[in-house]
Each structure stands twice: as structure tokens, then as C-alpha cells.
Amino acid sequence: MLIYDEPINQAKLDPRPAALPALGGFSVLDLVQLLWRRKIAIASAALLCACIAVAIGKSLTPKYTATAQLYVDPRELQLVDRELTPRAPDLSGLAMVVESQGRVITSNNVLLQVIRETHLEKDPEFGGGSGKGLFGSLLGLFGIELRPTAEQRKLVEMAALETLIRHINVKKTDKTFIVDIEVWSIDPAKAAMLSNAIAKAYLTESTQSQAARVRRATSDLSSRLTELQERLRNAENTLAVYKAQNNFVGTQDTLISDQQLSASNQRLAAARALTLDAQAKHDQIAASRKTSADAGAIPEALQSPTIANLRSQYAEARKRQAELQSELGPRHPALRQMEKQVEDLRRTIGEETDRFLQAAKNDLTRARDYEASLNKALETQKRQSVQMSQAAVRLRELERDVEASRDVYQSFLKRSRETEEQETLNTSSARIIGDATVPQRRTFPPGMALFAMIGFMLGGLASAAWIIAVERLTPGANPVRPDTPVRTSASSAAQNRTPAAATRQPSATSQPAVSLIAKPSITRLQETDVVRTLGGILATGGTLDVVKLGWPTLRAGFPLMTFLNSMREIRTALATRAAKDTAPVMAVIGAGNGEDRNIAALNVALSAARDGARVLLIDADQKTYTLSNKVAHLGREETGRLGWLNIGAKAARAIKSANGISILPALKASDTKASDTIRKAIAQARIGGDYDLVVLDGPAMPWSPADHALFDATDGLVAILPVKLDINESMEDIITALGETECKLVGVVINELNPTAVNRQRDKQYA
């Protein structure tokens, strides 16, 4: 069993407050005392330097800065359908245009125009009068001014230009089209005047450059119009000659040859119809003549007045013949005469009918001849049409050439007229939105109070450094005072103890021992304190429940159990070590199997949560990641108020559980990087106000330098001693490994949980 007759760590230290470590044989306390003894000299030197700084500030030439604001919109006004300058394609292009205009503002053309308008070449601030020379200055005393040569005027302007460039600062406001023109000068009115003059000169230069650009484009277009007009005229002449040579004559829609061919087709069709009609008429009359007893029964005969008159006479004669036959005998002369008259009339009718047949035959012959002549003429026209079609290929080529030349000429002519009109238009959207006003305060030098402060601080530091240097370089300046106590570090005390010893005995020759901490609290985590469940049983929703991870967890409803009371005492001791209004930080460490420590750390955090504390449990085990693997895919991530849980390449955020515990998984990285990340998280958790207690699960033994650095960021340590190991040896190993950090040990938990109980219950199906 553990033997604690004395506190775990009794470092032999001076009972007085420990001073900071000495720096090369010269302690900080001695340094402070030395500076305090020389405080009058240091204060005098500081005041003297402050006065000198104020005097220097008063002697500096003041500078006044005036600002004029320009609105430079690259999207020019669209006064015509098509513009000479294309639009900027996107916002990045627009920003580049605005930046380019900022460079135009400080261009030589703009600034030289400002110099000529404001006569800066005569201003002494901008180099005016410096080019006269000694002889010119002497003549100027007598009122005689020498006219400078053109080269001298050029040099003076260039000198003024260089000086003016140094006085200008052009700035573009982010995500806007606003450009600020800042000009400084020793005269505030001159600064405002120059700033406004530069803005106006820029607008004038922009308008002139646009007009010159349009004028140059108009000139180029006009020079091309003559050539394009001549090309169009030649193409049209060639087309007209070719049409005349190949008989391409007609209306706007069709040629005459095509019209004649169409008309011939129509006439041939009509002639064929007439031929068929004449053939049918002839055949009908011929058939009637052969089959009909009455020669005048054909339709043409019935329509003829002559036939109608003869048929009427024939009918009268037949009637008279019938009457005479009934009255006279067959040989009577009157009867015979009447019969002869009837026969003559019949013969006359037949002769008239024969004339109709002959006329139909003549019509048929004439129709056939007319059809043949039309057919022959049509064949001739068809051959001519084929020849015209072959010639039309070249004709269409010439027509396309004419159309292309005409389109280009018309386009250039229209564009030339547009640019000629656009020359007198100002499509720029740039304008002055804020004239520069006369500044009331100088921009340099700053206020005399700042000069005095800087001089006072530099003078004090310089005098203090001088005093320290003189003190160190003077022989015998840093003696060891007899009343200075000798301090023994905790590491020296740790080296003098035996590995197996659990107690400390004060040395007879050493100074009186003072214990840094009281004896750490010892508690037990027993089977009666916990309940076991299978991992993931009855897990609903997306919120993590730590009692369902498959590890033994504290029973609910037993607020007075021994383990909970002991943990309250440990947290009380831990709170005394933490700074005021900050969350205390506890690291749970242990020897042996890491899962024993993980289970104990979870129950330590759960005991604080049962008392209403907001607990952050951080997995600091960079070797096994047991706790992180348990909760890797469970629960919902909790976003910190200050975003301090974003660690590593991937955002590892605390997982909030339903038990008042937030679990931060381990960062899979190197020990140094992981330790730095955890220490940053601890620092944020201390001051963030989101948690009342921070518990570190680990790190696992053996500890690296990064792990010891992590212990320095904690307020206390709790050691887990599993009963399956020798607890005295385990405790001695922990104390030996902690070294000077053993003074932070505030509690010991003897883990009496039976690990085999978990294995026996894994096959049981219960909630």
C-alpha cells in the first residue's frame, strides 16, 4: 500500500519568496535596486531627451496634406450604338482599368500641365529659381531678369516634376471606383490648390486623349474609304460588262430569257390543247358524215344559220312533196319537180356539211403546224437557258464580290461618320466628387506630446542602459551580498532521493524544509461506484452519451458516494492553484494500460459534470488515441465561441455530449505540434468562459519534452494507479518521471475496476 508520512514533494527552498533566476551573476532584484538608486539621474536624462525631442519637432518643417476625390467609372457613357473603346469584360478588368487611371493621374502629361497652369517652376518649394546661377542671382538684385533658354526651361520643369511626384500620393479605395489624390505641401492652401489642379488636369487629359484617339481612328477610316470605294466601283463595272456580254438582261427578279422560256412553255401547252381540240372536232365531223343519214345533224351544222335555213327549206319541200304524193300520181310532173327540189336541198345540205369537215381538217393542220413551230422554238430556248446557267456561275461570283465590297464600304463609311461625330462627344464618366479643402492640421510632424513621450522613453532607456553598463564594467560592481539566501531547486531535491522511497527526510545540514503542497488526496474508484453498459446501446439522435460508450461510468443518483466527495476535495485544491476568474486545468496521468487511465479520466470529468460544472475533456494521448477513436463518429461538433477548437489541417472541434461534457479529440500530428495545439486550446478555455473545468486525458508514459511542456500549462495532476499493477512501484515511476513537476500532484485515484468484467458482459444482450 502507499505510505504517505510526509508530503510527496518537500523541496528545500528559502521560506522567503523566490526571486527570478540570476542573469549571468547579476540578479534581477539587484538590477531593480540599482535603477531605483539612480532614479533621479534616469528621470533627469529622460526629461532632457523629451525637451530635445520637442525642440527637434518644433524645428521640422510642417507638412499639410489635402485630398481631392475622383470617381473613375471605367464604364463609359453609351451615346452611340457602337463605341470605339470596348467594355471591360468583368469586375477584375474594371478594377485594373481604375488602377491604370490612377497611374495616368501621376503621368508626366498630367503633372506637366499642372506645372504650367500653376507656375510651379517658379515656386521655391518645387525647385523654382534654383537654375539661375550665381550671375543670374546677382543680376536679379538689380531688377534684371535673364530670359532662360528652352533647354533651361525644360530642366526647370523636369526638376519641378520630380519634386511634385514626391508630393503626390494616389490611393484607390478597395471595391470602389473612388480615387483619392493626396498632395502635401508646406502651405495648406497650396496643397489644396495643387490637389484640385491635378484632378482637373486629369479630366482634361482624359477628354483630350479620348478625342485624339477618336480623331486618329476617324483619319484611319477615312483613308481607307477611297480605296474601298474604288474597289467597289471596279467590281460593279466588271459585273455590268459580264452581264452585257452574256445577255443577262431582265427585271430585278428574273432574266428575259427565263421569262421567254416560261412564256413559250405556256404557249406550247395552249397549242397542244388547240391541236387536241381540232383533232377531236375533225374526228367527230368525219364520224358523223359516215354514220348519220342526216348530213346536217352535226353540232356545227346545227349552229350554222345557213344550214338552219336550208333545213327549213328542206322540211317545207318534204312537206309539199308528201302533199303532192297524196294528191297526184307518181308520174305527175309537179311531183317529180318537187322530188327534184327536195334532192337538191339534201345535196346542198351535204355540201355545206362537207365544208365544215374541210374547215375542221384545215384547223387541225394549222394547229399541228403551230405546235411544231412552238416546240422547235422552245428547244432553242432550252439550249440557250443551259448556256445561261453555266454563265450564271461566274455571274453569282461577281455579284458576291460586289456585295462584299459594298458591305465593307458601307460599314467603313458608317463607322467613319460615327467616329467623326463621337469626336465632339465626351463619353467619360470620371468626375470630381470632392474638391480638396484647405487642411487645418498638419500631417507631419506629429504632435509635440508624442515627441515628448518618445524622447522621455528613449532617454530613460538609454540612461538606464548606460548606468547598467557602467555598473557591470566597473570592477567589484556586482558582489554577492552576505544576506542573499542560497536557493535549492526542486530538481536538486529530486536528484537526492532514492527511486523506491515514498517519503522525504530533511537533511541535517540543509535549511528548514518547506512543503510546496499538502499531501495529495487519495480516493478509490470501485465497482460499486460504476455501472457498465455495452457501447452504442440505445444511442438515439446525434448527441453523444458518455455512459453508452461501453466503459464503466459513475452511477446516477448517488451524490454522497465516496469517490464524488473525494473528487470535490481535489477540485477545491485545484481551484486554489488556478488564477482568479479562469477555468482550472487538470491532467489525468497514469502507468500501465492506457484504457485504465481513459476510463478514470472519463469518470473524473463525469464527477464534475454531475455537480453542474461545464467540463472540457481533451484527449492528450498521442500514442493510442483511445478516447478519440471512441467518439470519432458520434455526437455533434460544438463550435467554440472564439473558434479556438479549429486545430490542425482539419478542423477538430469539441463533441458535445448529453452529460455536460465536451470532448475534444486528439490531433494526429507530431508530439510538438499536438502539444502546442493543446496548450493553445487550454489558454483559450481558461479565458473563454465556456467551461468551468478542463481535464486532460494523458499524455501516456513515457513522457517526451513536449508532454512536460504540456504539464507546465496545467494547474494540477491526478495519478491513476490500477490495482492490477504494484501501486507503489507505479507511483514511484510516476514521481520519478515527473521530476520538478511532481509538486503539481493534487490527487491519486486507485482504480479497482475489474477489467475482466467488461469481457464477461460483452456477450450479454441488455441495455
Identify whether the distance between the nearest side-chain nitrogen and carboxylate oxygen of [X] and [Y] falls below 4.0 Å.
X      : Y      : answer
Glu227 : Arg231 : yes
Glu151 : Lys154 : no
Glu236 : Arg406 : yes
Lys190 : Asp123 : yes

> Would Val104 and Ser206 count as a side chain to side chain contact (heavy atoms under 4.5 Å, CB included) if you check the C-alpha gap in whole Å, the side-chain angles of each, and the deciding distance to 0.1 Å?
Replying inline: CA-CA 9 Å; Val104 172; Ser206 177; over 6 Å; no
> Would Gln279 and Arg368 count as a side chain to side chain contact (heavy atoms under 4.5 Å, CB included) if you check the C-alpha gap in whole Å, the side-chain angles of each, and the deciding distance to 0.1 Å?
Replying inline: CA-CA 9 Å; Gln279 181 69 42; Arg368 288 176 178 175; 2.2 Å; yes
> Yes or no on side chain to side chain contact (heavy atoms under 4.5 Å, CB included) for Val402 and Thr238, after CA distance, side-chain angles and deciding distance?
Replying inline: CA-CA 9 Å; Val402 171; Thr238 303; over 6 Å; no
Inter-residue atom distance [X].[atom1] - [Y].[atom2], 0.5 Å rounding:
X      : Y      : atom1 : atom2 : result
Thr65  : His167 : OG1   : NE2   : 10.5 Å
Ile165 : Thr106 : CD1   : OG1   : 7.0 Å
Lys630 : Leu544 : NZ    : CG    : 11.0 Å
Ser100 : Ile105 : OG    : CD1   : 11.0 Å
Tyr409 : Lys414 : OH    : NZ    : 15.0 Å
Arg213 : Thr218 : CZ    : OG1   : 11.5 Å

Less than 4.5 Å apart, side chain to side chain, heavy atoms only: is that true for [X] and [Y]?
X      : Y      : value
Ser405 : Asp401 : yes
Asn169 : Ile181 : no
Glu399 : Leu239 : yes
Arg224 : Asp220 : no
Thr173 : Val179 : no
Gln101 : Val170 : no
Glu157 : Leu161 : no
Leu70  : Ile178 : no

Closest contact, heavy atoms only, [X] versus [Y]:
X      : Y      : answer
Ala201 : Val114 : CB-CG2, 3.5 Å
Ile115 : Ala160 : CD1-C, 3.9 Å
Ala66  : Ser195 : O-OG, 3.8 Å
Arg267 : Leu374 : O-CD1, 3.4 Å
Ala191 : Val183 : CB-O, 3.5 Å
Leu364 : Ala278 : CA-CB, 3.6 Å

>> Using side chain to side chain contact (heavy atoms under 4.5 Å, CB included), reason through Met193 and Thr118 one step at a time and then give a plain yes or no.
In response: CA-CA 9 Å; Met193 181 268 296; Thr118 58; 3.4 Å; yes
More than 12 foreign heavy atoms under 6.0 Å from [atom1] of [X]: is that the case here?
X      : atom1 : value
Arg318 : CZ    : no
Lys361 : NZ    : no
Gln337 : CD    : no

>> Is a donor from one side chain sitting under 3.5 angstrom from an acceptor on the other, for Thr275 and Glu371?
In response: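 Short answer, yes.
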>> Taking Asp407's backbone N and O only, do any of them form a donor-acceptor pair with Ser411's side chain (distance below 3.5 Å, no angle check)?
In response: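 Side chain of Ser411 to backbone of Asp407: no pair is present.
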> Just by modelled atom types, is the Arg233 backbone N or O under 3.5 Å from a matching donor or acceptor in the Asn237 side chain?
Replying inline: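 Such a contact is found between Asn237 side chain and Arg233 backbone.
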> Given Arg103 and Glu99, is the salt bridge (charged side-chain N to carboxylate O under 4.0 Å, His left out) satisfied, shown in steps?
Replying inline: CA-CA 7 Å; Arg103 298 295 300 272; Glu99 292 177 0; over 6 Å; no
>> Run the salt bridge (charged side-chain N to carboxylate O under 4.0 Å, His left out) test on Glu121 and Arg116 for me, step by step, so that the C-alpha distance in whole Å, both residues' side-chain angles and the decisive distance to 0.1 Å come before the verdict.
In response: CA-CA 8 Å; Glu121 69 276 4; Arg116 297 187 184 102; over 6 Å; no
> Can Glu182 and Lys171 be said to form a salt bridge (charged side-chain N to carboxylate O under 4.0 Å, His left out), step by step?
Replying inline: CA-CA 8 Å; Glu182 297 180 352; Lys171 298 187 300 182; 3.0 Å; yes
>> Assess the residue pair Asp363 and Arg366 against the criterion (salt bridge (charged side-chain N to carboxylate O under 4.0 Å, His left out)); give the C-alpha distance rounded to whole Å, side-chain angles, the decisive distance to 0.1 Å, and a yes or no.
In response: CA-CA 5 Å; Asp363 291 340; Arg366 185 170 57 252; 2.4 Å; yes
